[in-house]
Amino acid sequence: VEPHSTICDIKGLFHKSYPQWYPARQALKLHPKGNVLKDDEVLQNLPVGTTAKLYFRDLGPQLGWTMVFLLEYVGPLLIYLLFYFRVPYIYTHKYTFTSSPHPVVSLACACHSFHYIKRLVETIFVHRFSHGTMPLRIMVRNCAYYWGFAAWLAYYINHPLYTPPSYGETQINYALVLFVLCEAGNFSIHWSLNSLIGEGPKCRRFPHPSKNPFTWLFFFVSCPNYTYEVGVWLSFSIMTQCVPVALFTLLGFVQMTMWAKGKHKAYIREFKDYPTLRMSILPFIL
């Protein structure tokens with residue numbers, strides 16, 4: 001290969017010789033225990049002489065990000081509806097295809113369905129993904145997490161013995177208002193980030209608040225999309241007063257905090273003028 005060839009070029013040549021290993025499955029290293037080389041790295045810039053030995057590792061079957069998110073989100077949407085309509089063999093036979101007498105159960109179904117339909121629409125029309133992929137084994141694990149939790153919380157919310165929240169309509173209505181606001185905020189942030197990415201990879205700048213009031217959270221946190229997402233599930237927990245929902249919210253908050261901290265540190269490293277007031281996910285706290 002030529003000295004100015006990139007790792008991506010080498011992967012392409014490797015794929016021609018071994019068609020079963022397409023570029024996304026390949027991991028190339030200078031040392032068996034070294035770091036994986038990035039696709040845009042140029043051969044002549046690597047710490048090698050006139051000849052170089054690259055070590056190959058098969059990453060396994062891969063899926064594109066769009067397909068990954070579609071699979072992760074379609075499952076919870078459909079699984080929840082199976083419990084809501086009480087299809088046979090979920091509850092006892094006498095409750096098959098019956099409906100709950102509590103209006104909050106139908107409201108919860110509407111909110112849950114709206115949330116995942118919104119995610120699906122955003123995946124198709126809003127989010128911009130790189131050409132990266134996810135290993136099939138990790139996608140299966142993620143689907144098990146989302147699908148499993150959807151079944152667990154749906155089982156209890158739609159159970160014939162489910163009891164409404166302690167403070168009745170007041171608790172439900174306040175939770176619904178918070179849910180709607182956080183969903184609107186989450187979409188606004190995703191739309192704002194989409195516009196930023198649309199300017200091209202060479203235009204590197206961190207996100208700023210716009211005229212949209214929901215984006216003003218950028219004044220205080222680096223990842224307000226996660227802040228709003230936590231708010232969505234917190235409001236759903238209050239609305240349903242269901243322990244599995246609260247646990248799902250807690251685990252989601254922990255995971256999103258880790259992602260937000262990573263993104264926050266990346267912004268600080270890349271931009272010297274990054275606002276010092278901003279936290280990762282919770283204003284003034286975290």
Side-chain angles (χ1 to χ4, degrees), residues 69 72-73 76-77 80 84 103-127 145-146 149-150 152-154 157 164-196 207-261 263-264 277-286:
F69 285 123
E72 286 181 356
Y73 300 154
L77 174 64
Y80 193 100
Y84 175 73
V104 67
V105 173
S106 296
L107 178 62
C109 179
C111 289
H112 188 274
S113 299
F114 173 82
H115 178 72
Y116 281 102
I117 290 173
K118 167 184 163 292
R119 282 191 170 189
L120 291 169
V121 171
E122 288 177 336
T123 298
I124 298 172
F125 298 107
V126 178
H127 294 317
Y145 172 78
Y146 283 108
F149 259 108
W152 190 31
L153 61 89
I157 296 174
S166 303
Y167 296 97
E169 291 189 7
T170 301
Q171 180 175 336
I172 296 169
N173 291 337
Y174 276 115
L176 178 60
V177 171
L178 179 61
F179 177 89
V180 172
L181 291 175
C182 288
E183 288 285 14
N186 183 261
F187 178 81
S188 298
I189 299 302
H190 286 161
W191 186 264
S192 177
L193 293 174
N194 171 72
S195 302
L196 187 66
H208 289 82
S210 66
K211 294 181 180 179
N212 182 346
F214 288 109
T215 66
W216 294 352
L217 200 53
F218 272 125
F219 283 121
F220 307 105
V221 296
S222 295
C223 300
N225 51 321
Y226 295 148
T227 310
Y228 284 124
E229 182 74 11
V230 172
V232 166
W233 287 105
L234 178 62
S235 64
F236 195 69
S237 301
I238 297 171
M239 179 189 300
T240 58
Q241 198 169 296
C242 184
V243 172
V245 183
L247 180 59
F248 181 70
T249 302
L250 177 61
L251 293 178
F253 172 68
V254 172
Q255 180 62 73
M256 284 184 277
T257 298
M258 295 170 59
W259 291 335
K261 284 186 173 181
K263 191 69 174 178
H264 183 70
L277 181 63
R278 290 190 188 184
M279 302 298 287
S280 298
I281 188 171
L282 297 180
F284 312 114
I285 300 175
L286 185 63

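Side-chain atoms are counted along with the backbone in the values below, which use heavy atoms only and exclude waters and symmetry mates.
You'll find the side chain of S192 stays beyond 4.5 Å of the side chain of H208, heavy atoms only. In this structure, the side chains of V232 and Y228 stay at 4.5 Å or more apart for every pair of heavy atoms. Using a 4.5 Å heavy-atom threshold, the side chains of T227 and L217 count as touching. Using a 4.5 Å cut-off on side-chain heavy atoms (C-beta onward), K263 and S222 make no contact. A 4.5 Å side-chain heavy-atom check between E122 and F187 finds at least one atom pair inside the cut-off. In this structure, V245 and W152 have side chains that are not in contact, with every pair of non-hydrogen atoms separated by 4.5 Å or more. At least one side-chain heavy atom of Y84 sits under 4.5 Å from a side-chain heavy atom of V105. At least one side-chain heavy atom of M239 sits under 4.5 Å from a side-chain heavy atom of C111.
Closest of all the heavy-atom pairs between S280 and A260 is O-CB, 3.8 Å. Taking both residues in full, the closest heavy atoms of F214 and G185 are given as CD2-CA, 3.6 Å, listed atom of the first, atom of the second, then distance. Scanning both residues, N225 and N186, for their nearest heavy atoms gives O-ND2, 2.9 Å. Listed here is the closest heavy atom pair of L153 and C242: O-SG, 4.4 Å.
Between F248 and Y146, the ring planes are perpendicular. Angles over 60° get that label, and only those under 30° would be called parallel. Taking the six-membered ring where tryptophan is involved, the planes of H115 and W233 are perpendicular, since the angle between them exceeds 60° and thus also 30°.
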Next item on the list: Using the side-chain contact (heavy atoms from CB on, under 4.5 Å) rule, take M279 and I285 through it: C-alpha gap first, then chi angles, then the decisive distance, then the call.
Entry: CA-CA 7 Å; M279 302 298 287; I285 300 175; 6.0 Å; no
Next item on the list: Show your working on side-chain contact (heavy atoms from CB on, under 4.5 Å) between I281 and V221 and close with a plain yes or no.
Entry: CA-CA 5 Å; I281 188 171; V221 296; 5.6 Å; no
Note to self: Using the rule given for ring pair (Phe, Tyr, Trp, His ring centres under 6.0 Å), can you reason through W216 versus F219, listing the C-alpha separation, both sets of side-chain angles and the distance that settles it, and then say yes or no?
What the structure shows: CA-CA 6 Å; W216 294 352; F219 283 121; 7.4 Å; no
Next item on the list: Begin from the C-alpha positions of F253 and L286 and carry the test side-chain contact (heavy atoms from CB on, under 4.5 Å) through to its verdict.
Entry: CA-CA 11 Å; F253 172 68; L286 185 63; 3.9 Å; yes
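Here the straight-line distance linking atom CG of L120 with atom OH of Y116 works out to 10.0 Å at 0.5 Å rounding. Once rounded to the nearest 0.5 Å, the distance linking OG of S237 with CG of L250 reads 9.5 Å. The OH atom of Y80 lies 4.0 Å from the CD1 atom of I157; values are rounded to the nearest 0.5 Å. Atom CG of L176 sits about 8.5 Å away from atom OG of S235, to the nearest 0.5 Å. The distance from atom NE2 of H127 to atom CZ of F69, rounded to the nearest 0.5 Å, is 7.0 Å. Between atom NZ of residue K261 and atom CE of residue M256 there is a gap of 14.5 Å, rounded to the nearest 0.5 Å.
Remark: the backbone N or O of E169 is paired with a side-chain donor or acceptor of N173 at under 3.5 angstrom.
In summary, of the residues considered (P209, P224, P207), a side chain to side chain contact (heavy atoms under 4.5 Å, CB included) with T215 occurs for P209 alone.
The aromatic ring centroids of F149 and Y145 lie less than 6.0 Å from each other.
No more than 12 heavy atoms of other residues, nucleotides or ligands shown are found within 6.0 angstrom of CH2 on W191.
Using modelled atom types and a 3.5 Å distance limit, the side chains of Q171 and S166 yield no donor-acceptor pair.
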